Peer 1: 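Got a structure for you, questions after.
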Amino acid sequence: MNFDPNLIIATLLSCIATFIVGAVFGSVNKRVIRLVKIAREKIYRRRLLNYNIMADDLVELLSWSYKRRLDGSKMRIVFSKARNRQDLIPESEIKRYQKKYQEKNYTGKVCYLTHYAPDSQDHDADSQYIFKIKVAPSDYTEHLAVMDYLAGHPDKNEKIREMLLTNPDAYFANALPSSMSVNVVVVSEMDRILALRRSNAVAYGKNEWTIGIFETLLHDKMEAGRDATLYDLVKKGLSEEIGLTSENYHKDICISWMGVNMKNMGVFFIAVVKLKNITEAAVEQEMAKCHSHHEHTAKVWLPLKRRMIKRFLADKRKRNKYLKLIAAANGTKKRDVIISSLARNTLIETFRVNYFIDQDS
């Protein structure tokens, strides 16, 4: 068989040219996509999210963005058996409020935040700073006692809010015993989020609808060296409360927000997880098999759409698709639905970060 040398050379040159052009435009394309995502995020935060978190008794401590992601490899949680001394609430008052919860056996060995150091001093994407969290042991009954005390002492609550807004380090050096948790939001392949109704069996937030689950950091596991990062805590919650394995969600777990719930002084993070290789119906079946399934008595999938979120944020009863779907799952009228005060902020964060999660992971 005779080969035309000119044809072979032309074919090789064509392949090389195609490779170079593809590489160049592929790089440009990735850069353009990155810029578009950053621009979209800024627009969403400005235009869509006309929402004051303090209206829901929340204080933001940190947030991360597409440009500056929280890196799990640059995170450290340090456990200290010694607690900081606090003088914000008399210990005798905490013990007094604590007693009724101890009688109901709501005890639980949890952790609360006593110090944190941001992963960046100047919000540089290439920063080498480590995100450090220091926690100490507390009991869940203390957490509930603090909540009850602050509900009856709004002046004290306002003083603590001012400390958090002006000098959070000063507060955490004097922090009230509470808890630290992660609000894990599950987004299906259909871009719908899982909302759940808490049961009557839980100590706090009975019958409230939440966006996703809450996984609390336990200090006995910290002592044993487990749950070393927030990402481990997220995976634990996905496994124990929803029945998901690592094959059911993308590796790119996005932790985007850290703040304080002023009602009980608990610190919590928001983590968004995108599902893969599993349907919504299959997720519900796996949840029914979990040992903690009794903590939730109803569930519904909500479309992650801007217009629906805006109406939900405005708390409009008419044309509020989310409220209509939740009420149907609740088996009641809209006015009888109890929505968690954390739900609005969690929805905003989920919408903000959902589109830049790496779905190739």
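Because only heavy atoms are used, hydrogens play no part in the values below, and waters and symmetry mates are left out as well, while side chains stay in. Since the model is a prediction, treat every value here as computed from it, not as a measurement.
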Peer 1: If you take the centroid of each ring, where Trp contributes its six-membered ring, are F131 and W64 closer together than 6.0 Å?
Peer 2: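 Yes, close enough.
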
Peer 1: Do any N or O atoms from the side chain of R68 and from the backbone of S63 form a donor-acceptor pair under 3.5 angstrom?
Peer 2: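 Yes; judged by distance alone, with no hydrogens or angles, the pair exists.
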
Peer 1: Do you know the tightest heavy-atom contact between G243 and C290?
Peer 2: N-SG, 3.2 Å

Peer 1: Looking at R197 and I326, would you say the former's side chain and the latter's main chain have a donor-acceptor pair under 3.5 Å?
Peer 2: no

Peer 1: Within the side chain of K159, is there an N or O that forms a donor-acceptor pair under 3.5 Å with the backbone of D155?
Peer 2: no

Peer 1: List the steps, then state whether side-chain contact (heavy atoms from CB on, under 4.5 Å) holds for L304 with I309.
Peer 2: CA-CA 8 Å; L304 195 58; I309 294 175; 4.0 Å; yes

Peer 1: Can H296 and L194 be said to form a side-chain contact (heavy atoms from CB on, under 4.5 Å), step by step?
Peer 2: CA-CA 12 Å; H296 301 104; L194 181 62; over 6 Å; no

Peer 1: Might you work through the side-chain contact (heavy atoms from CB on, under 4.5 Å) test for E208 and V202, ending with a clear yes or no?
Peer 2: CA-CA 10 Å; E208 280 188 354; V202 298; over 6 Å; no

Peer 1: Could you tell me whether a side-chain N or O of S138 sits under 3.5 Å from a main-chain N or O of S178, the two making a donor and an acceptor?
Peer 2: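 Yes: the side chain of S138 pairs with the backbone of S178.
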
Peer 1: Do any N or O atoms from the side chain of N52 and from the backbone of M54 form a donor-acceptor pair under 3.5 angstrom?
Peer 2: yes

Peer 1: For the pair R344 (side chain) and L313 (backbone), establish whether a donor and an acceptor sit closer than 3.5 Å, ignoring hydrogens and angles.
Peer 2: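 The answer is yes, because a donor-acceptor pair under 3.5 Å joins these two groups.
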
Peer 1: Sequence neighbours left out, what passes salt bridge (Lys or Arg N to Asp or Glu O under 4.0 Å) with E241? Give chain and number order.
Peer 2: none

Peer 1: Can you name the nearest heavy-atom pair linking M262 to N157, along with the distance?
Peer 2: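 Looking at all heavy atoms of both residues, the shortest contact is O-ND2, 3.0 Å.
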
Peer 1: Hey, is K156 close enough to E93 for a salt bridge, meaning N to O under 4.0 Å?
Peer 2: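 Salt bridge between K156 and E93, a charged N being under 4.0 Å from a carboxylate O: no.
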
Peer 1: I need the minimum non-hydrogen distance between C254 and V353, along with the two atoms involved.
Peer 2: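 That would be SG-CB, 3.8 Å.
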
Peer 1: Taking all atoms of both residues into account, what is the closest heavy-atom pair of G72 and T229, and its distance?
Peer 2: O-CG2, 4.4 Å

Peer 1: CD1/I89 to CE/M265 distance, rounded to the nearest 0.5 angstrom?
Peer 2: 9.0 Å

Peer 1: How about K305: does its NZ atom have over 12 heavy atoms from other parts shown lying under 6.0 Å from it?
Peer 2: no

Peer 1: Mark yes or no for whether Y171, through its side chain, and L176, through its backbone, hold a donor-acceptor pair below 3.5 Å.
Peer 2: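 Here the side-chain-to-backbone pair exists.
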
Peer 1: Angle class for the Y101/Y106 ring planes (parallel below 30°, perpendicular above 60°, tilted otherwise)?
Peer 2: tilted

Peer 1: With rounding to the nearest 0.5 angstrom, report the OG to CD1 distance, S341 to I53.
Peer 2: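 Separation between the atoms: 11.5 Å.
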
Peer 1: Does some side-chain heavy atom of P177 sit less than 4.5 Å from a side-chain heavy atom of I94?
Peer 2: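 Side chain of I94 against side chain of P177, heavy atoms only: contact under 4.5 Å found.
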
Peer 1: Going by atom types alone, do N84 and N174 pair a side-chain donor with an acceptor below 3.5 Å?
Peer 2: no

Peer 1: Check the pair K289 / E286 against salt bridge (charged side-chain N to carboxylate O under 4.0 Å, His left out), numbers first and verdict last.
Peer 2: CA-CA 5 Å; K289 301 175 188 176; E286 291 302 320; 3.4 Å; yes

Peer 1: Is there a donor-acceptor pair closer than 3.5 Å between any side-chain N or O of T141 and the backbone N or O of Q98?
Peer 2: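 Between the backbone of Q98 and the side chain of T141 there is no qualifying donor-acceptor contact (under 3.5 Å).
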
Peer 1: Using modelled atom types and a 3.5 Å cut-off, is there a donor and acceptor pairing between side-chain atoms of S199 and backbone atoms of H294?
Peer 2: yes

Peer 1: Are more than 12 heavy atoms, taken from residues, nucleotides or ligands other than K299, located less than 6.0 Å from that residue's NZ atom?
Peer 2: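 Yes, enclosed.
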
Peer 1: Starting at OH of Y231, measure out to CG of D71 and round the result to the nearest 0.5 Å.
Peer 2: 7.0 Å

Peer 1: Please lay out, stage by stage, how F269 and M180 fare under the test side-chain contact (heavy atoms from CB on, under 4.5 Å).
Peer 2: CA-CA 8 Å; F269 297 78; M180 191 174 85; 4.0 Å; yes

Peer 1: Any idea which heavy atoms bring T216 and L233 closest together, and the distance?
Peer 2: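 Shortest heavy-atom contact: O-CD1, 3.9 Å.
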
Peer 1: Look up atom CD in Q285 and atom CD1 in I278, then write down how far apart they are to the nearest 0.5 Å.
Peer 2: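 These two atoms lie 8.5 Å from each other.
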
Peer 1: Ignoring hydrogens, what is the shortest heavy-atom contact between A145 and Y97? Give both atom names and the distance.
Peer 2: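 Heavy-atom minimum between the residues: CB-CB, 3.7 Å.
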
Peer 1: Using modelled atom types only, decide if a donor and an acceptor are shared between the side chain of T350 and the backbone of T346 within a distance under 3.5 Å.
Peer 2: yes

Peer 1: Counting neighbours of NZ on K206 that are heavy atoms of other residues, nucleotides or ligands and sit closer than 6.0 Å, is the number greater than 12?
Peer 2: yes

Peer 1: Among W209, W301, F312, find the one that has a ring-ring contact (aromatic ring centres under 6.0 Å, His included) with Y322.
Peer 2: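 The single option meeting the ring-ring contact (aromatic ring centres under 6.0 Å, His included) with Y322 is F312.
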
Peer 1: Mind checking the CG-CG spacing from L275 to D191? Nearest 0.5 Å is all I need.
Peer 2: 10.5 Å

Peer 1: Go through the steps to decide whether D57 and N261 satisfy the test side-chain hydrogen bond (donor to acceptor under 3.5 Å, both in side chains), and finish with yes or no.
Peer 2: CA-CA 6 Å; D57 289 318; N261 180 359; over 6 Å; no

Peer 1: Is there a donor-acceptor contact under 3.5 Å linking the side chains of E349 and S256?
Peer 2: yes

Peer 1: Look up atom CZ in R85 and atom CD in E91, then write down how far apart they are to the nearest 0.5 Å.
Peer 2: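 The distance works out to 9.5 Å.
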
